[in-house]
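Heads up: numbering here begins at 1 and tracks the sequence. Each ligand, and each atom within it, is numbered from 1 in the order the structure gives.
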Amino acid sequence: MKKLCVFPGDGIGPEVMAEGLAVLKTIEQVAGKQMFTTESALLGGSSYDVHGVPMTDQAMALAESSDAVLLGAVGGPKWDALPFAVRPERALLALRKNLGLFANIRPAMVYAPLIDASPLRRELVEGIDIMVLRELTGGIYFGEPRGVSMIDGVETGINTEIYTRPEIERAARMAFELARKRRNHVTSVDKANVLESTELWRKVVSEVHAKEFPDVTLVHMLVDNCAMQLIRWPKQFDVIVTTNLFGDILTDEASMITGSIGMLPSASLGGKVGMYEPIHGSAPDIAGKGLANPLATILSVAMMLKYSFDMPGEAALIDSAVEKVLTGGWRTADIFREGPGVTKVGTVEMGEKVRQAILNSTR
Ligand code: NAD
């Protein structure tokens, strides 16, 4: 029996998490046995409201003692004015850091029935399949010194971009290993012409490549060029490996190429316990309305089965059920375009369609 720590979070988090967990139940139903126990805890703004902190020590201990963590999303305007140290997003950073999750991997692929939901032309997006590895526990989001203070009588905000050789080496290694299971191509993205921290990034990635992965093709690309190339010709990319800040931005850009941020899952790996979450935020504009797309969370459950529990067959069952539901014309509002055979559904109905497709495919 595997123990899951579940953080539904804020906004649409609890709505999409309910569908993700229901799909997991269906996987157990198909297997004919219970395989998972779940324990939930508050995280983010909902934790702050009850406990005065975005994550309690007990919640952290629960995550650390579990076999995997499933997370919805945190944050929202209600908590935007809080001091930085207790903002909901701080819980995410602490979780990643404490669990040692140094690599966030995010697939960006286009489902054939959704090609027309992409803002890019069909011939640019058809068949794209990109995996972005974002370094997650280093760089400017954690570097010291940081803060806002008076320096020489001038109010000054400071953040520090910092990377060490071991941090770069482990991210590079994971990217090359991922590429070997895909199309054997890695694009390492940096700003080596301006930032010394990424000058080191480029040097270390090249060294890891030459010593351990000469069979994989490596291309270095400046981040501004990469932002442009993702729109100009996204099919050139297989695995992209980059820093925390650049990865944060590029993955949102890549998500839009695929049509909607509501479709993309992610896995944070590298520590003892993997963490799985949709890449979107808490979407306060649609929270509580039953409009959220639960597919990113459902696909995050599939990633969890694949990467934490070595259950590729069950993961594939979920992936293909999602594809079938989309082929059947079912769409939440974010991916809906008026057309023949296309039906708009809400969060719960979308979850039900996926569960039904899983059951149908195993009958
Ligand atoms: P967001 O991802 O929450 O929303 C951006 C847009 O995408 C919104 O229009 C939203 O309605 C839409 N959207 C997002 N997820 C969707 C889904 N599943 N289905 C349909 N539409 C969806 O980003 P934001 O508006 O910049 O941030 C809102 C809050 O979320 C902020 O407090 C932010 O800090 C937080 N946030 C949290 C995480 C996380 O928990 N990992 C990530 C990003 C942002």
Nearest protein heavy atom with distance in Å, relative to [atom]:
atom: atom 19 (N) of ligand 1; answer: N293 N, 2.9 Å
atom: atom 11 (O) of ligand 1; answer: D285 OD1, 2.8 Å
atom: atom 34 (O) of ligand 1; answer: E89 OE2, 2.4 Å
atom: atom 29 (C) of ligand 1; answer: S282 OG, 3.3 Å
atom: atom 43 (C) of ligand 1; answer: G281 CA, 3.5 Å
atom: atom 7 (O) of ligand 1; answer: I261 CG2, 3.6 Å

Go through ligand 1 atom by atom and flag the ones less than 4.0 Å from a non-hydrogen atom of [X].
X: A73; answer: 40 (O)
X: L92; answer: 39 (C), 40 (O), 41 (N)
X: G262; answer: 17 (C), 18 (N)
X: G75; answer: 32 (O)
X: G76; answer: 32 (O)

Search all heavy atoms of [X] against all heavy atoms of [Y] and return the closest pair with its distance.
X: S47; Y: V53; result: OG-O, 2.6 Å
X: S268; Y: L101; result: O-CD2, 3.4 Å
X: H209; Y: T217; result: NE2-C, 4.5 Å

Is there a protein heavy atom less than 4.0 Å away from [atom]?
atom: atom 2 (O) of ligand 1; answer: yes
atom: atom 37 (C) of ligand 1; answer: yes
atom: atom 41 (N) of ligand 1; answer: yes
atom: atom 13 (N) of ligand 1; answer: yes

What class does the angle between the rings of F213 and F176 fall in, given that below 30° is parallel, 30 to 60° is tilted and above 60° is perpendicular?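 Correct class here is parallel.
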
For the pair E144 and R146, find out whether any cationic side-chain nitrogen is under 4.0 Å from an anionic carboxylate oxygen.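 A salt bridge is absent here (no side-chain N lies under 4.0 Å from a carboxylate O).
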
Check this for me: does any side-chain nitrogen of one of R180 and E177 sit under 4.0 Å from a carboxylate oxygen of the other?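 So R180 does not pair with E177 through a salt bridge.
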
Can you tell which part of [X] has a heavy atom less than 4.0 Å from ligand 1: side chain, backbone, both or neither?
X: P284; answer: side chain
X: I12; answer: side chain
X: L71; answer: neither

Would you give the length of the straight line joining atom CZ of R106 to atom CG of N104, rounded to the nearest 0.5 angstrom?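 Answer for the CZ-CG pair, R106 versus N104, is 4.5 Å.
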
For F246, is the NZ or CZ atom of K191 found under 6.0 angstrom from the centre of its six-membered ring and inside 45 degrees of the ring axis?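 Checked: cation-pi criterion not met.
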
Can K344 be said to sit on top of F336's aromatic six-ring, NZ or CZ under 6.0 Å from centre and within 45° of the ring axis?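 Yes, K344 sits over the ring of F336.
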
Strictly under 4.0 Å, does any heavy atom of V74 approach an atom of ligand 1?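 The answer is yes, since V74 has a heavy atom less than 4.0 Å from ligand 1.
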
So is A296 close enough to ligand 1, meaning a heavy atom under 4.0 angstrom away?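 No.
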
For S308 and Y276, which I'm curious about, is there any donor-acceptor pair between the side chains at under 3.5 Å?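 There is such a pair (donor and acceptor under 3.5 Å, judged by atom type) between the side chains of S308 and Y276.
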
Does one side chain, of S206 or H220, offer a donor that lies under 3.5 Å from an acceptor on the other?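 Yes, because at least one side-chain N or O of S206 sits under 3.5 Å from a partner of the opposite role on H220.
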
